[in-house]
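Keep in mind the model is a prediction, meaning the values are calculated, not measured.
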Amino acid sequence: MGDLLDRDLISNLPQSIIESILTRLPIRDAIRTSCLSTKWRYKWTTLTHLAFDEKCVTLSNDRTLVERSLVDFITRALFLHQGPVHKFQLSTSYLQSCPDIDQWILFLSRNDIKELVLELGEGEWFRVPSCLFYCKKLTRLELFRCELDPPPAFKGFLCLKSLNLHQVSVAPDAIESLISSCPLLESLALSYFDSLALNIRAPNLKYLCLEGEFRDICLENTPLLVAISVAMYMTDDIAEHFEQSSNCNFIKFLGGIPRLERLVGHIYFTKYLSIGNDQGILPITYNHLRIIELYQVSFEDMKEILVVLRLITNSPNLQELQIS
């Protein structure tokens, strides 16, 4: 019995199981396992998922000291790392427009990065370096409070399936081009965009979440969409632009998505759908639509009421309806 207790059972587990255990630890604790024994010294260096935040270092009232400590910690971790990094996540308010992040992304672009999440502070926005666009194996990209400027030679992320841009500064034509040049894109989330007219061409898109000041939205080629959530903020200029529109927004937005299963419309969404010349009978029946949630509907506006009725009567298998 004593011999059994003396044996180091954890160290002798298969590498895949050890990596699974280390991946579930905060990165700071995973690195600390290198002190356990000589067997564990380099175990963490082959982790394929790396997630960093301010908990990696000791926090203090000296913001500059915390920032420097965090930069040193991440730089050293990447310097000691061996093999591919499939997922890299940086979530911190301490690093804003930090030049060291450029070097980290360059390192990742050479190490088979597949998932990249950058969630940075509220100060000066981080300008994403051009080396990001050479990450050919990216399947997931999430950027928060960044500036994005794809180079002219960029041909798209051919493996990308999920794109989330939150408070990202990017030219309107660049965002449309980025979406259409990701042929496998299945999930798209755009939030806090200002005065954006958006044409979405994404033949494999299934999940769409939009939030911001949109001058217009056209789902031009999205036949596989199953879930949509939209919140539209209205400025006076955009409201005036809407009122002058003659196109039927309902048809333009919902006329080509026969597989829709869930529709959630927040502020001004039904107002947006109600604008334009009514086309009469819908050319589509939403046979798969089970859930409709519409918030802040104006029951004093007959056009908005007609939008609601049109959705209900053309959804024969509707199961849940919520309107406020």
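- Phe144 and Leu132 are assigned to two separate hydrophobic clusters, defined by single-linkage of ILVMFWY side chains at heavy-atom distances under 4.5 Å.
- Note: Ser181 OG to Lys155 NZ = 10.0 Å, rounded to the nearest 0.5 Å.
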Residues 220-229 side chain polar contacts: donor-acceptor under 3.5 Å, at least two apart:
residue: Glu220; atom: OE2; partner: Arg201; partner atom: NE; Å: 2.9

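- Thr75 contributes no side-chain N or O that, together with a main-chain N or O of Asp72, makes up a donor-acceptor pair within less than 3.5 Å.
- When the ring-ring contact (aromatic ring centres under 6.0 Å, His included) test is applied to Phe126, no partner is found at least two apart in sequence or on another chain.
- Considering only heavy atoms from C-beta on, His49 stays 4.5 Å or farther from Val85 through its side chain.
- Ion pairing of Glu261 with Arg259 is absent here, as no side-chain N (NZ or NE/NH1/NH2) approaches a carboxylate O to less than 4.0 Å.
- Checked against the 6.0 Å centroid threshold, Phe157 and Tyr134 do not count as a close aromatic pair.
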Solution key, residues 315-322 side-chain donor-acceptor pairs under 3.5 Å, sequence neighbours excluded:
residue: Ser315; atom: OG; partner: Leu311; partner atom: O; Å: 2.6
residue: Asn317; atom: ND2; partner: Asn287; partner atom: O; Å: 2.7
residue: Gln322; atom: NE2; partner: Tyr295; partner atom: OH; Å: 3.4

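- Taking SG from Cys209 and CG from Leu188, the interatomic distance works out to 9.0 Å, rounded to the nearest 0.5 Å.
- Residues Phe253 and Phe269 meet the side-chain proximity criterion, which asks for heavy atoms closer than 4.5 Å.
- A search for side-chain contact (heavy atoms from CB on, under 4.5 Å) contacts involving Leu106 returns Gln103, Ser109, Arg110, Cys131, not counting sequence neighbours.
- Between Tyr272 and Phe214, the distance from one ring center to the other does not fall under 6.0 angstrom.
- For the ring-ring contact (aromatic ring centres under 6.0 Å, His included) test, no residue two or more places apart in sequence or in another chain qualifies with Tyr94.
- Considering only residues two or more places apart in sequence or on other chains, Glu293 meets the salt bridge (charged side-chain N to carboxylate O under 4.0 Å, His left out) condition with Arg262.
- Going from atom CD1 of Ile113 over to atom CD1 of Ile105 covers 9.5 Å, rounded to the nearest 0.5 Å.
- Following chains of ILVMFWY side-chain contacts shorter than 4.5 Å, one can reach Leu118 starting from Phe154, so the two form part of one hydrophobic cluster.
- Legend: residues meeting salt bridge (charged side-chain N to carboxylate O under 4.0 Å, His left out) with Lys136, ordered by chain and number and at least two apart, are absent.
- Applying the 4.5 Å side-chain rule to ILVMFWY residues, one finds that Leu184 remains a lone member of its cluster.
- Checked against salt bridge (charged side-chain N to carboxylate O under 4.0 Å, His left out), Asp102 has no partners two or more places apart in sequence or in another chain.
- With values rounded to the nearest 0.5 angstrom, Ile179 atom CD1 is found 8.5 Å from Leu205 atom CG.
- Between Ile101 and Leu90 there is a side-chain heavy-atom pair separated by less than 4.5 Å.
- To the nearest 0.5 Å, the span separating CG on Asn204 from CD on Glu186 amounts to 6.5 Å.
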In a table with atom names and distances, give each donor-acceptor pair under 3.5 Å that connects a side chain of residues 163-176 to protein atoms at least two apart or in another chain.
residue: His166; atom: ND1; partner: Ser191; partner atom: OG; Å: 2.7
residue: Glu176; atom: OE2; partner: Asn199; partner atom: N; Å: 2.9

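- A heavy-atom distance below 4.5 Å is not found between the side chains of Glu142 and Leu116.
- Take Arg145 and apply the salt bridge (charged side-chain N to carboxylate O under 4.0 Å, His left out) test, not counting sequence neighbours, and it matches Glu122.
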With a cut-off of 3.5 Å and sequence neighbours excluded, list every side-chain donor-acceptor pair involving residues 297-305.
residue: Asp301; atom: OD1; partner: Lys303; partner atom: N; Å: 2.9
residue: Glu304; atom: OE1; partner: Thr270; partner atom: OG1; Å: 2.8
residue: Glu304; atom: OE1; partner: Ser298; partner atom: N; Å: 3.0

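- Lys114 NZ to Lys161 NZ: the interatomic distance, rounded to the nearest 0.5 Å, is 10.5 Å.
- When Glu211, His266, Glu213 are each tested for a side chain to side chain donor-acceptor pair (under 3.5 Å) with Tyr233, only one passes: Glu211.
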